[in-house]
*Asks:* 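Got a structure for you, written out below as structure tokens; questions coming shortly.
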Amino acid sequence: MAKPVLLTVDDDREVLRAIERDLRRKYGSDYRVLRAGSGPEALEIVRELKIRNNSIALFLIDQRMPGMSGVEFLAQAITLFPDAKRVLLTAYADTDAAIAAINEAGINHYLLKPWDPPEENLYPVLDELLEDWEAAFPPQFEGIRVLGNRWSPVSHNIKDFLARNHVPYQWLDIETAASDSEVRSLVELLDEEETRSLPIVILPNGVRLRQPSLADLAEHAGLKTRATEAFYDLAIVGGGPAGLAAAVYGASEGLRTVMIEREAPGGQAGMSSRIENYLGFPSGLTGADLARRAVVQARRFGVEIISAEATEVRIDGPYRLLKLADGAELSCHALLVATGVQWRKLDSPGVERLTGAGIYYGAAMTEAMSTKGEDVYVVGGANSAGQAAMHFSRYARRVVMLVRGSSLAASMSQYLINQLKATPNIHIEYNTSVVEAHGEDHLEAISIHCAETNEVNKVPAIALFIMIGAAPNTDWLAEIVERDERGFIYSGPHLTRDGKRPNGWKLDRDPGLLETNVPGIFVVGDVRHGSVKRVASGVGEGSVAISFVHQYLSKVV
Ligand SMILES: Cc1cc2nc3c(=O)[nH]c(=O)nc-3n(C[C@H](O)[C@H](O)[C@H](O)COP(=O)(O)OP(=O)(O)OC[C@H]3O[C@@H](n4cnc5c(N)ncnc54)[C@H](O)[C@@H]3O)c2cc1C
């Protein structure tokens, strides 16, 4: 935790140094002592500390300074740090003015210069004031702060990225500036250019990032964005359950392992509000918890986790070379593709324009709190939509599920159907689909088509969560591995047709169970053609794949 600040201001350099020395000697272990030679210089420091969300415990200010008196300085400084204690340093001749200023600037004490010895004339006064300050002052939030607009897609992406990567942050909605003094004073401190280019991410060291890209944010948030080695035994692309399981098993069995994840470890499972069918967790666990535990486990075994997107694969003899979005390249002997699937887009007018501004793909957990007391629409009839509806029902006034089919039985687990039916604020509308989204800068209404009546109804809506199935994103691998017509990657027995091994396959064995048509490139989880789309099966495949990797490496290395 950053130490609270004691700020002292005096235009006499010698006096300033003496105060600083006395303050450091007694309080240096618990407080940061800062000094300034004038009121304006001190105001700069005060503003910067406010932007960094640091606390000031005490102002120790000389009254008689050219340009700006101590009282004038305090009158401005306390608008930003109203709880800080204020001590005015005066010469004997100024005492009347100082007493008069006690009310004006809310001064707690005035001290006559010189204060020697400090043990008698300075410390007892400050001890008492600092004790009071500590007793009353709530600890400040010290992580990253994001100032933006609730309806901005960029703000949403930043919040989502930080939350899913378990980076603590504080969200400050600029629309609350009128009612929230914290937000208001921060906005006042930023320059006009900055407030025009929201969201702005404020790091604890004061660095401000305007509308940062996720790669930039990852770098500044302390996530690893570059591989430390040029070569690994095993490189895994995708950090969902399948990739994470492979990482844990690979590293625990001695393979130098790197895992590349472009969004956040946990994948789709990380977005699940409650996974209830994963073995060993009878009361379920959130996807975020599962991901966090798996990441800790993987790191404990020495897996290097990199926040980056893989964009290209090349084969060079026994080496598989992986290119990342920032142009960096790393090589490995075995490559495991665990890139899962991404949400299928709803192709109705208005939806793309308002995505991130009231319309979200997936359960968008970061938005759940902001749906408090409102009506929420969830599109989809599979388990993911059911879980999302249950999750939002805890915050929203009413959750309406829009389901295209006439029942949920074929697409959703029975335990979830039972939960939905037993939740009074969830309402299911069958045979419906969203045909248009309306709104200027954020979602305001949706048009719903009912297949039974063939009617279209426009209803007010400010939150729409879409979960209508998913597709693999494997175009970047199209030249390398064989895929089915939907982009899922073939492996093992699916590659042998009419008893023939895949084109170009030169080894005197068939492709392994989870191996693609390129020896040494494996595929696991949802992205694999024919896989069961579940957490447990992804974890199972990721773990099992490592034994095939070992077999492969035993012949290559
Ligand atoms: C909301 C929701 C709830 C669910 N609930 C359950 C449940 O209760 N029980 C259950 O068994 N299953 C559930 N599922 C399904 C389950 O989550 C998936 O089957 C499982 O996550 C698949 O794991 P995976 O590792 O194969 O892929 P994913 O989880 O999809 O992970 C793939 C990862 O790869 C990353 N990636 C993709 N391309 C690249 C690239 N080029 N470079 C770097 N990284 C890349 C992605 O960012 C992603 O993190 C749910 C799914 C969702 C969406």
Side-chain angles (χ1 to χ4, degrees), residues 1-10 20 23 27 30-61 65 67-88 104-108 129-130 132-134 136-149 155 158 168-210 212 220-221:
M1 181 179 145
K3 292 177 190 170
V5 167
L6 309 183
L7 177 62
T8 182
V9 190
D10 202 309
E20 188 189 15
L23 290 178
Y27 303 107
D30 298 323
Y31 293 90
R32 195 149 53 108
V33 178
L34 299 180
R35 64 173 191 194
S38 70
E41 189 192 327
L43 278 176
E44 274 305 301
I45 296 176
V46 168
R47 289 193 189 104
E48 191 56 33
L49 290 171
K50 186 72 193 174
I51 288 176
R52 293 182 188 200
N53 217 21
N54 290 161
S55 354
I56 297 184
L58 177 91
F59 292 113
L60 186 59
I61 313 296
M65 293 186 287
M68 183 184 276
S69 73
V71 169
E72 283 165 349
F73 161 78
L74 283 171
Q76 294 192 44
I78 59 175
T79 61
L80 296 176
F81 289 95
D83 301 312
K85 300 292 176 191
R86 303 135 207 188
V87 175
L88 204 61
E104 201 180 312
I107 285 159
N108 299 99
L129 290 175
L130 290 174
D132 283 355
W133 181 84
E134 273 174 27
F137 196 72
Q140 290 292 89
F141 177 77
E142 296 206 329
I144 290 177
R145 287 174 303 151
V146 183
L147 175 71
N149 182 310
S155 294
I158 287 174
Y169 72 94
Q170 187 182 30
W171 165 242
L172 303 167
D173 184 348
I174 195 159
E175 286 188 4
T176 64
S179 57
D180 186 330
S181 60
E182 189 69 25
V183 176
R184 190 169 53 250
S185 56
L186 184 60
V187 171
E188 281 164 7
L189 290 172
L190 300 174
D191 59 48
E192 248 180 62
E193 185 70 21
E194 286 176 313
T195 41
R196 267 204 306 268
S197 45
L198 293 177
I200 180 162
V201 174
I202 306 162
L203 305 176
N205 62 4
V207 169
R208 277 117 76 175
L209 311 172
R210 288 185 219 168
H220 283 90

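Residue indices begin at 1 and follow the sequence shown.
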*Asks:* Mind checking whether Asp173 and Val183 have side chains closer than 4.5 Å, heavy atoms only?
*Replies:* no
*Asks:* Given side chains that start at C-beta, do those of Leu190 and Leu147 come closer than 4.5 Å, heavy atoms only?
*Replies:* yes
*Asks:* Are Phe137 and Pro4 packed together at the side-chain level, in the sense that at least one heavy-atom pair is separated by less than 4.5 angstrom?
*Replies:* no
*Asks:* State, yes or no, whether a side-chain contact exists between Pro204 and Ile144 at a heavy-atom distance under 4.5 Å.
*Replies:* yes
*Asks:* Report the distance from atom CZ of Phe81 to atom CG of Asn54, rounding to the nearest 0.5 Å.
*Replies:* 7.0 Å
*Asks:* Considering non-hydrogen atoms only, spot the tightest contact between Asn149 and Trp171 and give its length.
*Replies:* N-CH2, 3.7 Å
*Asks:* Is the shortest side-chain heavy-atom distance between Leu130 and Lys85 below 4.5 Å?
*Replies:* no
*Asks:* Measuring only between side-chain heavy atoms, which start at C-beta, is Arg35 closer than 4.5 Å to Leu23?
*Replies:* no
*Asks:* Looking only at atom types and distance, does a side-chain atom of Glu194 sit under 3.5 Å from a main-chain N or O of Asp191, one as donor and one as acceptor?
*Replies:* yes
*Asks:* For the CG atom of Leu7 and the CG atom of Leu58, what is their distance to the nearest 0.5 Å?
*Replies:* 8.5 Å
*Asks:* Could you report the tightest heavy-atom contact between Asn108 and Ala84, atom names first, then the distance?
*Replies:* OD1-O, 4.4 Å
*Asks:* Output, in order, the C-alpha distance, side-chain angles, deciding distance and verdict of side chain to side chain contact (heavy atoms under 4.5 Å, CB included) for Arg208 and Arg52.
*Replies:* CA-CA 9 Å; Arg208 277 117 76 175; Arg52 293 182 188 200; over 6 Å; no
*Asks:* If we ignore hydrogens and angles and just use 3.5 Å, is the side chain of Arg86 paired with the main-chain N or O of Gly106 as donor and acceptor?
*Replies:* yes
*Asks:* Is the shortest side-chain heavy-atom distance between Arg210 and Arg196 below 4.5 Å?
*Replies:* no
*Asks:* Calculate, to the nearest 0.5 Å, the distance between atoms CG and CG belonging to Leu209 and Leu203 respectively.
*Replies:* 4.5 Å
*Asks:* Take the angle between the ring planes of Tyr27 and Tyr31 and call it parallel below 30°, perpendicular above 60°, tilted in between.
*Replies:* perpendicular
*Asks:* Check the pair Ile61 / Val87 against side chain to side chain contact (heavy atoms under 4.5 Å, CB included), numbers first and verdict last.
*Replies:* CA-CA 6 Å; Ile61 313 296; Val87 175; over 6 Å; no
*Asks:* Could you pull out the closest heavy-atom pair between Pro212 and Pro199, with the gap in Å?
*Replies:* CD-O, 4.4 Å
*Asks:* So, taking the atom named CD1 in Ile107 and the one named CG in Leu88, what distance separates them when rounded to the nearest 0.5 Å?
*Replies:* 4.0 Å
*Asks:* Rounded to the nearest 0.5 Å, how far apart are CD of Glu41 and CE of Met65?
*Replies:* 10.5 Å
*Asks:* About how many Å separate CG of Asp132 and CG of Asp83, when rounded to the nearest 0.5 Å?
*Replies:* 12.0 Å
*Asks:* Got a donor-acceptor contact below 3.5 angstrom from the Thr8 side chain to the Leu60 backbone?
*Replies:* yes
*Asks:* Between Gln76 and Val46, does a side chain to side chain contact (heavy atoms under 4.5 Å, CB included) hold up when you go through it step by step?
*Replies:* CA-CA 10 Å; Gln76 294 192 44; Val46 168; over 6 Å; no
*Asks:* Taking all atoms of both residues into account, what is the closest heavy-atom pair of Ser185 and Lys50, and its distance?
*Replies:* OG-CE, 3.5 Å
*Asks:* Between Trp133 and Ser55, what is the shortest heavy-atom contact and its length?
*Replies:* CZ2-CB, 4.0 Å
*Asks:* Would you say the side chain of Leu189 lies within less than 4.5 Å of the side chain of Leu80, judging by non-hydrogen atoms?
*Replies:* yes
*Asks:* Quick check: does any side chain N or O of Thr176 sit under 3.5 Å from a backbone N or O of Leu172, one acting as donor and the other as acceptor?
*Replies:* no
*Asks:* Any side-chain to backbone donor/acceptor pair from Arg32 onto Val5? Under 3.5 Å, distance only.
*Replies:* no
